[in-house]
Amino acid sequence: MQQILKLAAFFLLFVVAATAAIELTRSTSIAIDFTEALILEKDHTITQRSVEELRTVTGSEVMHSIYHIRAINVPIKVVNGEEAYTYSPDMEPELADYSAIELLGTYTKQLVRGTNGEIRMVLFVRLREG
């Protein structure tokens with residue numbers, strides 16, 4: 001009689017464990033399906049970024065940016081009229097030619113971004129006064 005009770009208890013424990021495993025598998029499947037639906041709904045071409053306003057800076061700020069180009073680690077392009085100068089992040093800032101940059105001139109600063117939103121280049125364009 002005791003062996004029958006032990007066998008019944010083990011069988012009942014097995015049924016409870018099997019039911020819990022099935023329920024856990026079902027809830028995991030529901031969570032995976034929900035996550036997959038959210039991923040499929042997301043448009044991967046849209047990134048959540050705030051709109052950057054067009055900022056004006058002086059020529060001295062342009063020179064300062066070029067001097068710290070290694071910290072920025074992206075190319076800097078300066079457009080002054082029809083001339084354009086590109087400064088590479090691996091250059092020596094002390095040896096750069098700053099003659100095309102007018103210290104008291106006004107430039108617009110624009111960050112050129114890649115498809116993932118990373119900054120690919122900093123662009124400074126000289127504004128012509130009146």
Side-chain angles (χ1 to χ4, degrees):
M1 180 73 171
Q2 252 184 352
Q3 282 195 351
I4 293 176
L5 286 175
K6 283 183 183 178
L7 190 60
F10 285 131
F11 181 73
L12 184 61
L13 185 63
F14 174 76
V15 169
V16 169
T19 305
I22 290 171
E23 185 61 30
L24 182 62
T25 304
R26 188 180 71 79
S27 65
T28 303
S29 176
I30 290 172
I32 289 172
D33 291 342
F34 179 74
T35 304
E36 184 179 16
L38 284 177
I39 290 171
L40 291 175
E41 287 177 10
K42 182 181 175 188
D43 187 357
H44 296 285
T45 61
I46 298 175
T47 57
Q48 302 259 337
R49 296 231 177 248
S50 61
V51 177
E52 296 175 20
E53 58 189 55
L54 200 57
R55 186 171 159 225
T56 59
V57 296
T58 64
S60 62
E61 290 175 282
V62 174
M63 289 179 70
H64 185 74
S65 297
I66 294 170
Y67 189 77
H68 292 285
I69 194 167
R70 287 192 173 162
I72 300 169
N73 200 28
V74 293
I76 296 177
K77 185 173 188 177
V78 179
V79 179
N80 193 358
E82 296 196 13
E83 299 175 334
Y85 302 90
T86 303
Y87 300 91
S88 174
D90 57 347
M91 68 167 214
E92 293 291 331
E94 295 84 13
L95 303 176
D97 179 17
Y98 298 103
S99 62
I101 300 170
E102 296 182 37
L103 283 177
L104 300 177
T106 306
Y107 294 80
T108 59
K109 176 184 174 184
Q110 181 180 5
L111 302 177
V112 179
R113 297 188 181 272
T115 56
N116 293 331
E118 75 280 1
I119 298 174
R120 307 286 272 176
M121 180 173 47
V122 180
L123 177 65
F124 293 102
V125 179
R126 171 96 158 91
L127 295 175
R128 295 288 170 207
E129 278 79 33

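Please read all numbers here as calculations on a predicted model, not as lab measurements.
- Connection of V62 to V74 is established within a shared hydrophobic cluster, with ILVMFWY side chains joined at heavy-atom distances below 4.5 Å, either directly or through further cluster members.
- Chaining together hydrophobic side chains whose heavy atoms lie under 4.5 Å apart leaves I30 on its own.
- Of all heavy-atom pairs between G81 and R128, the closest is CA-NH2, 3.0 Å.
- E92 is linked by a salt bridge (charged side-chain N to carboxylate O under 4.0 Å, His left out) to R70, counting only residues two or more places apart in sequence or in another chain.
- Here the OG1 atom belonging to T56 is positioned 8.5 Å from the CD atom belonging to E61, to the nearest 0.5 angstrom.
- Heavy atoms of other residues, nucleotides or ligands lying less than 6.0 angstrom from NE2 of H68 number more than 12.
- To the nearest 0.5 Å, atoms OH (Y87) and CD1 (I72) are separated by 13.0 Å.
- Closest approach of K77 and A84 over heavy atoms only: CE-CB, 3.9 Å.
- Between R120 and P75, the closest heavy-atom pair is O-CD, 3.3 Å.
- Minimum heavy-atom separation, I66 to P93: O-CB, 4.0 Å.
- Counting heavy atoms from C-beta on, the side chains of V122 and L111 come closer than 4.5 Å.
- Scored by the side-chain contact (heavy atoms from CB on, under 4.5 Å) test, L5 finds no partners at all (sequence neighbours excluded).
- Between L103 and M63 the shortest side-chain heavy-atom distance falls below 4.5 Å.
- Residue L127 qualifies as enclosed at atom CG: its count of foreign heavy atoms under 6.0 Å is above 12.
- Rounded to the nearest 0.5 angstrom, R113 CZ and E118 CD are separated by 9.0 Å.
- A donor-acceptor pair is defined here as one N or O able to donate and one able to accept, closer than 3.5 Å; no such pair exists between the side chain of Y107 and the backbone of N80.
- Rounding to the nearest 0.5 Å gives a distance of 11.0 Å between CD1 of I119 and CG of N73.
- Legend: side chain to side chain donor-acceptor pair (under 3.5 Å) pairs involving residues 19-32, not counting sequence neighbours, sorted by first then second residue: E23-R26.
- Side-chain contact between I76 and S65 is present, with heavy atoms from C-beta onward closer than 4.5 Å.
- Annotation for I4: hydrophobic cluster partners, listed by chain and number, are none (ILVMFWY side-chain heavy atoms under 4.5 Å, direct or chained).
- In this structure, V15 belongs to a hydrophobic cluster whose other members, linked by side-chain heavy atoms under 4.5 Å apart, are F11.
- The distance from atom CG of L123 to atom OG1 of T108, rounded to the nearest 0.5 Å, is 6.5 Å.
- Annotation: E94, atom CD; neighbour count of heavy atoms from other residues, nucleotides and ligands within 6.0 Å is above 12.
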